Asker: 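What follows is a single structure, and I will ask about it in a moment.
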Amino acid sequence: MGDSRYIVKLKDLSSFTQRKVNLLGLVVEFSVPRRTNGTDYCTVLKIIDQSQQTPEVAVNVFMKDIDGLPHLRSHKDIILLCSFKVEFYNQKYYAVYDHKASSFALFDGRISDNFTPYQVSPTFHHLPKDDVFVRRLRNWSNNTPFDAGISDYAVPLKDINGHDFIDLVCMVLHVCEVSSGKWVLFVWDGTDAPAVDLKKELGAEELPLQLELTGLPPSVLYNFPRLGTVLTVVIDEAYVNFGNHFKIVRDWVRIRNLHCRTVLGLWKGVLTPQTKIRHLSKDDNSVIEHLRDYKERVAQCGYLPSCISPTSNFLTEVPNFEQACCTTLMEILTSPLVHGTFKCVVRFLAVLPSEAKYFRSPSGPYRMTVTLEDPTARIHALLQNGDADEFFGERLDIDVVAMKMNKLLGVSELENSSRNPPWTVCCIGFHSANETDIWGSRHFHICNTRLFM
DNA sequence: GTTTAGGGTTCG
């Protein structure tokens, strides 16, 4: 032993099966610390070194205390594993933590003269010779072009249909605890998740504006992009105190094995115990590609939902706003103005009251609330009085109004259990009742919009 | 004192 330790190259792992080794590697992937089905908490890392970039070697770390597990700060950080056991499983070699013998230390991957680990396990002993190995790995890492590469499972949000689980290259926008022990992640990849068919019977009372939330604070929403879907990702309960163990926010990641499904017409991601995180550098090819696609989209189509072309035919027209640019519901939600009117392309998801005979209040004028959606958000908007007269046309039979509303809601005359509301252009006015709380007191109404039919 | 985890698909 002495003052140095023997570090095994990853390519030589096969010679050490069932033995304890020391390894030094770049961490290219990690799982967020979580509860196991045994008695411990665990995190799974993937490491590479100068001798072997593929296959990446998986490292399983177990701890009685979740806070003691390695907490990676950045891509390409370095881990020194001491006395980890080499196991051969499913034709691959693994490094596995042993409670009696193993220890580890985490180092910043950037080149510097600082060789103090930023995290160590309790029994880790630093040896001066470690610095030499860390320096070598840093130099190699910073002189070798790396890329997270492409994944066979990578799917942008716009192509999510038909996939149960995907690898998602995305920016993490926000992490929060929505109720005691229930964590949610908000991610964005610059594309629009596809519109979802709704069950025919789903009415305004059943359709939430957001999943898992009564509403994000405006200060958080304000930092979200105005275009592209923000996917809500709920966190499996195995991730105890998730927010304390996942610190990557406003950075790009590849989330591997993210489960996706729809709930009440909204897309929802689920971070399962099988999910892994790959932190991506800003010059990773997949990040550059996403940002380039996004810029091209904005340049070519502005803030239209991506399934709409500028020449699309709608059931509606907006008489004084033909030349105005479209914007998104997220833009309206986060506008700093006290009042204004914007043109949007939306779907009419529901109306309240649901029956046409109640669209008018007892005193006569129309008074209803519609649930509107675009790829960025859902809102409730009033449709009433003169705006509703203009919308439907004046002096109409209730049956005609009902028929028109059904068409907007995508209710087909066929015996069909689902409906698919068509995209519709409309003007949405907004005003804030309280100037000291412009987002919290904001109301929306449809105006300056006419149905064709 | 032992176990935990250890990746994966479907359509051209």
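In what follows, chains carry the letters A, B, and so on, assigned in the order in which the sequence lines appear, proteins first and then strands, with residues in each chain numbered from 1. What you are looking at is a predicted structure, and each value in this text was computed from that prediction instead of being measured.
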Asker: Please identify each residue that fulfils side chain to side chain contact (heavy atoms under 4.5 Å, CB included) with A/K64, with sequence neighbours left out.
Answerer: A/T39, A/D40, A/H99
Asker: Nearest heavy atom decides the nucleotide; on that basis, is A/I166 or A/T36 closer to the 5' end of DNA chain B?
Answerer: A/T36
Asker: Distance check needed: B/dA5 C1' versus A/K276 NZ, whole Å only.
Answerer: 8 Å
Asker: Using distance only, find each side-chain donor-acceptor pair of residues 233-244 of chain A under 3.5 Å and give its atom names and separation, not counting sequence neighbours.
Answerer:
{"residue": "A/D236", "atom": "OD1", "partner": "A/A238", "partner atom": "N", "Å": "2.8"}
{"residue": "A/Y239", "atom": "OH", "partner": "A/T272", "partner atom": "O", "Å": "2.7"}

Asker: With the stacking rule set at 5.5 Å and 30°, tell me whether A/Y89 counts as stacking on B/dG6.
Answerer: yes
Asker: Checking only heavy atoms, does the side chain of A/D167 share a donor-acceptor pair with the base of B/dG8 at less than 3.5 Å?
Answerer: yes
Asker: Take the protein atom NE2 of A/H99 and the nucleotide atom C1' of B/dT3, then report the distance between them rounded to whole Å.
Answerer: 8 Å
Asker: Round to a whole Å and report the spacing from CG of A/N37 to P of B/dT4.
Answerer: 9 Å
Asker: Just to verify, what does A/N60 make a side chain to side chain contact (heavy atoms under 4.5 Å, CB included) with, not counting sequence neighbours?
Answerer: A/V44, A/F62, A/Y94, A/V96
Asker: Look at the side chain of A/T39 and the base of B/dT3, then say whether one donor and one acceptor between them are separated by less than 3.5 Å.
Answerer: yes
Asker: Is there any protein nitrogen or oxygen under 3.5 Å from a nitrogen or oxygen in nucleotides 10-12 of chain B, and what are the pairs?
Answerer:
none

Asker: Can you name the side chain to side chain contact (heavy atoms under 4.5 Å, CB included) partners of A/E206, sequence neighbours left out?
Answerer: A/L202
Asker: Throw together a table of side-chain donor-acceptor distances under 3.5 angstrom for residues 153-172 of chain A, partners on residues two or more places apart or in other chains.
Answerer:
{"residue": "A/D167", "atom": "OD1", "partner": "A/N257", "partner atom": "N", "Å": "3.0"}
{"residue": "A/D167", "atom": "OD2", "partner": "A/S151", "partner atom": "OG", "Å": "2.6"}

Asker: A/I66 CD1 to B/dT4 P: how many Å, rounded?
Answerer: 18 Å
Asker: B/dT4 C1' sits how many Å from A/R34 CZ, rounded?
Answerer: 9 Å
Asker: Is the NZ atom of A/K268 crowded by more than 12 outside heavy atoms at less than 6.0 Å?
Answerer: yes
Asker: Would you kindly check whether a donor in the side chain of A/E87 faces an acceptor in the base of B/dG6, or vice versa, at under 3.5 angstrom?
Answerer: yes
Asker: To the nearest Å, give me how far apart CZ (A/F62) and P (B/dA5) are.
Answerer: 7 Å
Asker: Name the closest nucleotide to the A/S151 side chain, picking from B/dG8, B/dT3, B/dG6.
Answerer: B/dG8
Asker: Between atom NZ in A/K46 and atom C1' in B/dG8, what is the gap in whole Å?
Answerer: 11 Å
Asker: Keeping A/D77 on the side-chain end and A/G109 on the backbone end, is there a donor-acceptor pair under 3.5 Å?
Answerer: yes
Asker: What's the CG-P distance between A/N257 and B/dA5, to the nearest Å?
Answerer: 15 Å
Asker: Is A/F165 touching bases, backbone alone, or none of the nucleic acid, heavy atoms closer than 4.0 Å?
Answerer: base
